[in-house]
Amino acid sequence: MTSPSSAPRVTLVTGGGRGIGAAICRRLAREGHAVVVGFRSDATAAESIVAEISDGGGRALAVRVDVTDPASLDAFVAAGERLGPITGVVANAGAATAVGTLADNDPAAIRADLDVNLFGVIATVRAALARMDAGGAVVTISSAAATLGSPGSYVHYAAAKAGVEAFTVGLSKEVATRGIRVNAVAPGTIWTEFHQDPERPAKVAPTVPMGRAGEPDEIAGAVAWLLSDDASYATGAVLRVAGGL
Ligand code: NDP
């Protein structure tokens with residue numbers, strides 16, 4: 001069996017500068033991964049994650065990337081290889097800029113959200129896979145929205161995340177014989193700056209069986225597990241981490 005942890009692990013994380021992505025970067029660094037912290041606009045946030053990891057004795061690099069641009073993704077992967085051969089990728093970057101009912105949301109904003117949340121994930125994984133060998137692992141970040149549908153908030157975003165899950169399942173089968181595993185994590189509502197209404201996690205808490213929104217670290221642990229040898233027989237899984245939603 002190929003063991004990814006027997007060799008240095010180098011993992012790309014898009015949207016790694018803040019929110020769930022930052023928690024993933026910190027957690028992976030603690031588990032011995034060299035981490036490529038992808039950021040689109042917030043270089044300061046990404047550099048501070050890199051500094052934190054370096055101060056803790058880990059290896060990390062901040063690299064600008066726009067996941068909607070395949071050329072930018074190729075450059076991101078190539079820059080990441082400065083840390084060593086790529087062994088993993090977390091397609092985490094996402095956004096919901098069009099918020100409201102379908103009727104109220106502007107088609108151009110809907111298209112932009114689909115671009116980031118669906119095409120962006122597919123293009124990220126495609127670029128990384130081209131450089132990954134047997135033993136590699138891919139994690140996509142979906143959402144509980146993929147099955148709940150998010151009526152009144154962003155049904156188009158939920159549709160994109162459902163697409164991410166179908167992509168994850170299909171690709172897992174496509175690359176299984178290459179020795180590469182592909183899984184998804186589907187978070188529930190998490191305390192990050194993702195929400196246009198910053199108090200949304202508190203507002204949805206009463207609808208969550210566990211009675212609260214989640215923390216980014218609670219997602220990072222699931223991602224780290226899927227990238228680890230402990231998950232060596234897991235592929236095509238969607239791991240829901242949503243407080244019972
Ligand atoms: P944040 O808004 O806190 O962070 C989003 C990250 O995505 C930022 O780092 C941002 O980079 C990056 N990003 C956005 N667009 C692009 C792009 N075009 N190219 C590259 N990077 C981009 O959100 P979260 O941390 O909450 O979200 C992370 C993932 O988790 C997303 O996929 C989201 O859909 C998913 N999710 C979040 C939930 C939540 O309740 N928070 C629930 C379920 C799923 P930069 O800062 O540099 O602009």
Side-chain angles (χ1 to χ4, degrees), residues 12-26 36-50 62-73 75-76 89-99 109 111-125 127 139-150 153-154 156-165 167-168 184-205 207-208 212-220 222-223 238-243 245:
L12 306 160
V13 182
T14 60
R18 58 192 175 89
I20 292 170
I24 292 169
C25 290
R26 289 191 187 96
V36 187
V37 182
F39 67 93
R40 176 193 48 172
S41 55
D42 196 343
T44 309
E47 289 295 355
S48 91
I49 298 297
V50 168
V63 181
R64 188 181 296 277
V65 62
D66 180 345
V67 298
T68 66
D69 175 0
S72 170
L73 281 162
F76 173 60
V89 60
V90 184
N92 165 75
T97 54
V99 177
R111 191 193 294 270
D113 281 350
L114 294 179
D115 209 18
V116 176
N117 294 295
L118 182 53
F119 177 77
V121 168
I122 293 170
T124 297
V125 174
V139 176
T140 59
I141 303 298
S142 177
S143 169
T147 51
L148 297 173
S150 300
S153 296
Y154 27 60
H156 67 287
Y157 166 85
K161 292 297 193 180
V164 166
E165 294 190 3
F167 165 74
T168 302
V185 172
T189 304
I190 307 298
W191 281 102
T192 71
E193 293 167 2
F194 176 86
H195 312 283
Q196 273 183 17
D197 173 359
E199 286 310 308
R200 183 165 172 269
K203 289 177 183 165
V204 305
T207 70
V208 179
R212 64 173 178 87
E215 297 293 337
D217 285 346
E218 295 179 289
I219 304 306
V223 172
V238 178
L239 179 48
R240 194 178 185 90
V241 184
L245 270 182

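Indexing begins at 1, ligand by ligand and atom by atom, following the structure's order. Predicted model only: the values in this text are computed from it and were never measured.
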_Asp113 side chain to His156 backbone, donor-acceptor under 3.5 Å_ = no

*What distance separates Ile49 CD1 from Ile24 CD1, expressed to the nearest 0.5 Å?*
11.5 Å

_Using the rule given for side chain to side chain contact (heavy atoms under 4.5 Å, CB included), can you reason through Val90 versus Thr14, listing the C-alpha separation, both sets of side-chain angles and the distance that settles it, and then say yes or no?_
CA-CA 7 Å; Val90 184; Thr14 60; over 6 Å; no

*Winner among Gly16, Ala186, Ala93 once heavy atoms are compared against atom 22 (C) of ligand 1*: Ala93

*For atom 19 (N) of ligand 1, which protein heavy atom lies nearest, and how many Å away is it?*
Val67 N, 3.0 Å

*State the OG1-CZ distance between Thr140 and Phe167, to the nearest 0.5 angstrom.*
7.5 Å

*Which residue and non-hydrogen atom of the protein lie closest to atom 18 (N) of ligand 1, and at what distance in Å?*
Asp66 OD1, 3.1 Å

_For Ser41, the ligand 1 atoms whose distance to one of its heavy atoms is below 4.0 Å_ = 45 (P), 47 (O), 48 (O)

_From Ala213, Gly188, Gly21, Ala45 - option closest to atom 38 (C) of ligand 1 by heavy atom_ = Gly188

*Starting from atom 17 (C) of ligand 1, locate the nearest protein heavy atom and write down its residue, its atom name and how far away it is, to 0.1 Å.*
Arg40 CD, 3.5 Å

*For His195, the ligand 1 atoms whose distance to one of its heavy atoms is below 4.0 Å*: 39 (C), 40 (O), 41 (N)

_Euclidean distance, Ile190 CD1 relative to Asp217 CG, rounded to 0.5 Å_ = 10.5 Å

*Classify the contact between Thr14 and ligand 1 as side chain, backbone, both or neither, using a heavy-atom distance cut-off of under 4.0 Å.*
neither

*Taking only heavy atoms of Tyr157, which atoms of ligand 1 are found under 4.0 Å from at least one of them?*
33 (C), 34 (O), 35 (C), 36 (N), 44 (C)

*Would you give the length of the straight line joining atom CG of Asp66 to atom OG of Ser41, rounded to the nearest 0.5 angstrom?*
9.5 Å

*Considering heavy atoms of the protein only, find what lies nearest to atom 20 (C) of ligand 1 and give residue, atom and distance to 0.1 Å.*
Val65 O, 3.2 Å

*Do the side chains of Val67 and Leu73 get nearer than 4.5 Å, heavy atoms only?*
yes

*Looking at Gly94, which atoms of ligand 1 are within less than 4.0 Å of one of its heavy atoms?*
5 (C), 7 (O), 14 (C), 31 (C), 32 (O)

*Is there side-chain contact between Phe76 and Leu12, with at least one heavy-atom pair below 4.5 Å?*
yes

_Top protein contact for atom 41 (N) of ligand 1, by heavy-atom distance_ = Thr192 OG1, 3.1 Å

_Those atoms of ligand 1 less than 4.0 Å from some heavy atom in Asn92_ = 28 (C), 29 (C), 31 (C), 32 (O)

_Per-atom contacts, ligand 1 versus Thr189 - under 4.0 Å to a heavy atom_ = 40 (O)

_Nearest-neighbour protein heavy atom for atom 40 (O) of ligand 1, which is reported as residue plus atom name and distance_ = Ile190 N, 2.8 Å

*Measure the CD1-CG distance between Ile141 and Asn92 for me, rounded to the nearest 0.5 Å.*
5.0 Å

*asked:* Suppose we measure from atom 46 (O) of ligand 1 to each protein heavy atom; which comes out shortest, and what is that distance?
replied: Arg18 NE, 2.5 Å

*asked:* Which of the numbered atoms in ligand 1 are under 4.0 angstrom from any heavy atom belonging to Gly19?
replied: 3 (O), 25 (O)

*Just by distance, with hydrogens left out, do Ser153 and Arg200 show a side-chain donor and acceptor under 3.5 Å apart?*
no

*How far apart are the C-alpha atoms of Thr189 and His195, what are their side-chain angles, what is the distance that settles it, and do they pass the side chain to side chain contact (heavy atoms under 4.5 Å, CB included) test?*
CA-CA 9 Å; Thr189 304; His195 312 283; 3.8 Å; yes

*Tyr157 and Phe194 aromatic ring geometry - parallel, tilted or perpendicular at 30°/60° bounds*: tilted

*Could you state the interatomic distance from OG1 (Thr207) to CG (Leu245), rounded to the nearest 0.5 Å?*
5.5 Å

*So, does Trp191 sit close enough to ligand 1 that a heavy atom of it is under 4.0 Å from the ligand?*
no

*Could you see which bit of Ser142 sits under 4.0 Å from ligand 1, with heavy atoms only: side chain, backbone, both or neither?*
backbone

_Can you tell me if Lys161 contacts ligand 1 (heavy atom of the residue under 4.0 Å from the ligand)?_
yes

*atom 37 (C) of ligand 1: the protein heavy-atom neighbour that sits closest, reported with distance to 0.1 Å*: Ile20 CD1, 3.8 Å

*Considering only heavy atoms of Gly15, which atoms of ligand 1 have at least one such atom less than 4.0 Å away?*
6 (C), 7 (O), 9 (O), 12 (C)

